[in-house]
Amino acid sequence: MSLINAPDNVEQLMQRVQTIAGMTLASLAHSINVEIPENLRREKGWVGQLLEKLLGATAGNKPEPDFVGLGIELKTLPIDARGYPSESTYVCVVPLTHTEGLHWDNSLVKAKLSQVLWIPIEADKRIPLAQRRVGMGILWQPDTDTESKLACDYDEFIDRITLGEVESITAHQGECLQIRPKAANSSALTKGIGDEGQSIKTLPRGFYLRPSFTRQIIHQWKTK
DNA sequence: GGATGATCATAT
DNA sequence: ATATGATCATCC
């Protein structure tokens, strides 16, 4: 695989983004000697990892934005036949212990969502993976109203976790964000807070952005 | 058909 | 086990 350095500045990053826009996953993978799987069934994160390599993302699996120096998080966005996101977007792991004093302003969710480079990717299952094209990236920041909605969701979730209600949180809660399991399987457990304040073993959870949320981002971009 | 809960690959 | 990259599979 070829080695691509981290971009020095936003302009350089966006120039790379523009260069790959319109290209197929097969040609992009080939350009850096990455093998392309038949489908994503066993490699669900393959597209995201390909884009990280192409654009020089550096965070790896560390809990921080992908382009640390630029404060930019990279997210691929699977786009359906109608031109809108078809899946939720994973943000980061949900803290399930030591949640006292946690709030939006000192959260990892805020750090990651303060500036996101969304890369739309064709994801219609009728298109073979190799032939799917990459769209033009969108450098996005939440507006004031959007950020307060995110903050509201986040703080409510943390409140419930602190109160020992983690096991009764479902994906129905939250306007923009939701909490869902994020684990290798249903027997992977982590430490959490029980309903009597005791330590319990529970499923690891992740924060996700609802498709309705990312749909708005795409919609705003299309109509501006 | 869409959303929820479950799962897959990889690195540390 | 925890974190990243996400999509899959099933149920409603």
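Quick caveat: nothing in here was measured; it's all calculated off a predicted structure. Order of the sequence lines sets the chain letters (A, B, ...), proteins ahead of strands, with each chain counted from 1.
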_Single hit among A:Val17, A:Leu28, A:Thr19 for side chain to side chain contact (heavy atoms under 4.5 Å, CB included) with A:Leu54_ = A:Leu28
_Non-neighbouring partners of A:Glu165 that pass side-chain hydrogen bond (donor to acceptor under 3.5 Å, both in side chains), sequence neighbours left out_ = A:Arg160
*Strictly by modelled atom types, are A:Thr99 and A:Thr162 linked by a side-chain donor-acceptor pair under 3.5 Å?*
yes
*Separation of atom CG in A:Leu209 from atom P in B:dT4, rounded to whole Å*: 13 Å
*Looking at A:Gln178, does any N or O in its side chain come under 4.0 Å of the phosphate oxygens OP1/OP2 on B:dA3?*
no
*Hey, does the side chain of A:His172 come within less than 4.0 Å of B:dA3's phosphate (OP1/OP2), counting only N and O?*
no
*asked:* For A:Ser186 and A:Arg82, find the nucleotide of DNA chain B closest to each by heavy atoms; which residue's nucleotide sits nearer the 5' end?
replied: A:Arg82
*Go through A:Trp140 and A:Trp221 one step at a time and tell me if the side chain to side chain contact (heavy atoms under 4.5 Å, CB included) criterion holds.*
CA-CA 9 Å; A:Trp140 169 91; A:Trp221 180 80; over 6 Å; no
*For the pair made of CD1 in A:Ile169 and P in B:dT4, what is the distance, rounded to whole Å?*
14 Å
*Take the protein atom CZ of A:Arg126 and the nucleotide atom C1' of B:dG1, then report the distance between them rounded to whole Å.*
13 Å
*Could you walk me through whether A:Met136 and A:Gln18 pass side chain to side chain contact (heavy atoms under 4.5 Å, CB included), step by step?*
CA-CA 6 Å; A:Met136 182 57 205; A:Gln18 191 165 337; 4.3 Å; yes
*Reading nucleotides 6-12 of chain C from the 5' end, what letters show protein touch, with B for base, S for backbone sugar-phosphate only, - for no heavy atom under 4.0 Å?*
BBBS---
_Quick check with a 6.0 Å cut-off and a 45 degree axis cone: is A:Lys110 positioned over the face of A:Tyr154's six-membered ring?_
no
*Round to a whole Å and report the spacing from CG of A:Leu50 to P of B:dA9.*
18 Å
*Toward the 5' end of DNA chain B, which comes first, A:Asn61 or A:Thr170, by nearest nucleotide?*
A:Thr170
